[in-house]
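Following: one structure in structure tokens, then a few remarks.
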Amino acid sequence: MSVPETYELGATGVLESEEIKDGIRTVRYVADDVHDFAWTASPDFLVYTDEWEHVALRLLLQPAHEAQAQRHFDAAKVALKYYADWVGEYPYTTLTLVDGIGGANGMEYPTLITCGTIYKLPGWLRALEIVTIHELGHQYFYGLLASNEFEEAWLDEGVNSYVETRLIDAEYGPGSVIDFVGLQLTDTGAQRIAYTKSSPSRGALFTKSWEYRLGDYSKASYMKPATVLHTLEGYLGWDTMREFLRTYYDTWRFRHPATPDFQNVAESVSGEDLDWFFDQFVYGTATFDYKIHSLSSRRIDAEVDGDSVSYESRVVIERSGDGVFPQSLRVTFRDGSEEFREWTGEESWTEMVFQSKERIVEAFIDPENQVLLDTNRLNNRKVTLSQTDHSLARTAQLRLTSLIQQLLIVFTGIF
Ligand SMILES: [Zn+2]
């Protein structure tokens, strides 16, 4: 490429030669094992360099964002570190971060990503980190694992969004997206609420991009698959999910995996038939909301298997929606002791009966917050009257967080 000498230039690959003659800068970049390339040039770029292990980092920054150079490098290093740990090695020796202008930002190309920020972006709002980490994640889900992003966008944007949310929350904690005067929002929470609040039963993950209607593409390609995979992680456990990510990378890097390949790896790593999961939440549009319908205790003063029993308590759980997911119930007795029960979740409702010395003061389904696909978590918990004040405060807090998440989603958007 030949550009005026005063232009700074960045491109996919490794700089092989550079020559300046008669006011013209001529460069040659070479890249192996990539399926696309991009280049950029501007007389305005400020150029910074850094390194992470075997990777030479280069940042081309707009002058107005000079104060944020280190934030770009820090975010890139966070992503490289977690991806190497959770998914696999970054096999290239260069990575160029471009702070473009306007619609060019927030986009991925092999070994070159465009980021995006605003003048005086405050530290408590991690918009720059999210977009940088998201686009860097595409080096894996798009670059190395080159699925067809038009026919199966969820394998590209969706799997990337899952790892992005997990990584950002692991690195930055409960205020990973926003952390402002006590108000905290996680990336996982923001994605989940965006899914549950936008017609969750419309638009399957496995859909060709051009066949989505009514704006379902974004939800079904980003927010819903992130939520689906967090739910799969809750079911399989993080150790299995992490082994899945590594195996998927090892098996399919530099190739073009499709949805059946993704499921095959998940099944071979977990040792489970996952048709029930993929049929409902990847190929289908199943949704569900499990709720505690009622919780009651009555005094019985009886003898059961030689033990004196003072109370019989009943918990009724209801399912709405066409989706089925296994549920765990935790009940807490007045003395603070707990008991767990499992339910397949298949029927439209179930009743669980407890005979105990103490009455139940709280019933909570999915208390570990693992089934993120549940479209309404506010009804997952019920307490008896003496616990109500705390419960109302908690509900109000959840509703406020939900509102703020929705506002934030309206004002952000990354690709
Ligand atoms: Zn993306």
Before you tell me yes or no, could you show the steps for Thr186 and Ser176 under side-chain hydrogen bond (donor to acceptor under 3.5 Å, both in side chains), namely the whole-Å CA-CA distance, both residues' side-chain angles and the distance that decides it to 0.1 Å?
CA-CA 5 Å; Thr186 64; Ser176 61; 5.2 Å; no

Does the pair Asp322 and Phe288 meet the rule for a side-chain contact (heavy atoms from CB on, under 4.5 Å), with working shown?
CA-CA 6 Å; Asp322 55 346; Phe288 57 81; over 6 Å; no

Among Phe244, Trp238, Tyr140, the one residue meeting ring pair (Phe, Tyr, Trp, His ring centres under 6.0 Å) with Trp86:
Trp238

Side chain to side chain, Tyr172 and Arg126, heavy atoms closer than 4.5 Å
yes

Under 4.0 Å between a Lys/Arg side-chain N and an Asp/Glu carboxylate O for Lys81 and Glu171?
yes

Please examine the side chains of Val316 and Thr350, heavy atoms only from C-beta on, and report whether any two atoms are closer than 4.5 Å.
no

Take a 6.0 Å sphere around OH of Tyr119 and say whether it holds more than 12 heavy atoms from other residues, nucleotides or ligands.
no

Under the criterion side-chain hydrogen bond (donor to acceptor under 3.5 Å, both in side chains), which of His72, Gln70, Arg71 is the partner of Asp74?
Gln70

Search all heavy atoms of Asp216 against all heavy atoms of Gly203 and return the closest pair with its distance.
OD2-N, 4.1 Å

Check the pair Ser147 / Trp252 against side-chain hydrogen bond (donor to acceptor under 3.5 Å, both in side chains), numbers first and verdict last.
CA-CA 10 Å; Ser147 303; Trp252 286 100; over 6 Å; no

Indicate yes or no: does Asp289 engage Arg377 in a salt bridge with an N to O separation below 4.0 Å.
no

I'd like to check Phe281 versus Thr231 (side-chain heavy atoms, cut-off strictly below 4.5 Å). Are they in contact?
no

Donor + acceptor pair across side chains of Thr165, Gln191 (<3.5 Å)
no

Got Leu373 and Val228 here, is their nearest side-chain heavy-atom distance under 4.5 Å?
yes

Indicate the atoms forming the closest heavy-atom contact of Asn105 with Ile101, along with that distance.
ND2-N, 4.0 Å

Quick one: does any side-chain atom of Tyr195 pair with a main-chain N or O of Thr375 as donor and acceptor, under 3.5 Å?
no

Flag the pair Val55 / Thr94 as yes when at least one side-chain heavy-atom distance between them is below 4.5 Å, and no otherwise.
no

Restricting to non-hydrogen atoms, name the atom on Asp275 and the atom on Glu267 that form the minimum distance, rounded to 0.1 Å.
N-OE2, 3.6 Å

Would you mind checking if Glu339 and Arg330 are paired as a salt bridge, meaning a charged N to carboxylate O distance below 4.0 Å?
no

Residues Glu164 and Asn160: side-chain donor-acceptor under 3.5 angstrom
no

Do Trp276 and Tyr235 make the cut of ring centroids closer than 6.0 angstrom?
yes

What's the shortest heavy-atom distance between Asp169 and Asp187, and which atoms?
OD1-N, 2.9 Å

Output yes when Lys208 and Glu152 qualify as a salt bridge under the 4.0 Å nitrogen-oxygen rule, no when they do not.
no

Just one of Thr40, Leu60, Thr114 clears the side chain to side chain contact (heavy atoms under 4.5 Å, CB included) bar with Thr96, so which one?
Leu60

Can the ring centres of His134 and Phe141 be said to be less than 6.0 Å apart?
no

Any carboxylate oxygen within less than 4.0 angstrom of a Lys/Arg side-chain nitrogen, looking at Asp50 and Lys77?
yes

Return all side-chain donor-acceptor pairs below 3.5 angstrom for residues 342-349, not counting sequence neighbours, or 'none' if the list is empty.
{"from": "Trp343", "atom 1": "NE1", "to": "Glu347", "atom 2": "OE1", "distance (Å)": "2.8"}
{"from": "Thr344", "atom 1": "OG1", "to": "Glu346", "atom 2": "N", "distance (Å)": "3.4"}

Please determine whether side-chain contact (heavy atoms from CB on, under 4.5 Å) holds for the pair Glu362 and Arg381, giving the CA-CA distance in whole Å, both sets of side-chain angles, and the decisive distance to 0.1 Å.
CA-CA 7 Å; Glu362 181 195 65; Arg381 177 173 174 267; 2.6 Å; yes

Measure the shortest side-chain to side-chain distance between Ile168 and Tyr82 over non-hydrogen atoms and say whether it is less than 4.5 angstrom.
no

For the residue pair Tyr90 and Tyr83, is the inter-centroid distance of their aromatic rings smaller than 6.0 Å?
no

For Ala127 and Leu121, which heavy atoms make the closest approach, and how far apart are they?
CB-CD1, 4.2 Å

If we ignore angles and hydrogens, is there a donor and acceptor under 3.5 Å between the side chains of Thr26 and Ser2?
yes

Could you walk me through whether Leu46 and Glu66 pass side-chain contact (heavy atoms from CB on, under 4.5 Å), step by step?
CA-CA 8 Å; Leu46 302 177; Glu66 188 175 3; 3.8 Å; yes

Determine whether the aromatic ring centres of His230 and Tyr162 lie less than 6.0 Å apart.
yes

Aromatic centroids of Phe37 and Tyr109 separated by under 6.0 Å:
no

Contact between His256 and Asn148 at the side-chain level, heavy atoms closer than 4.5 Å - yes or no?
no

Under 4.0 Å between a side-chain nitrogen and a carboxylate oxygen: does that hold for Glu18 and Arg25?
yes

Side-chain heavy atoms of Ile113 within contact of Gln139, under 4.5 Å
yes

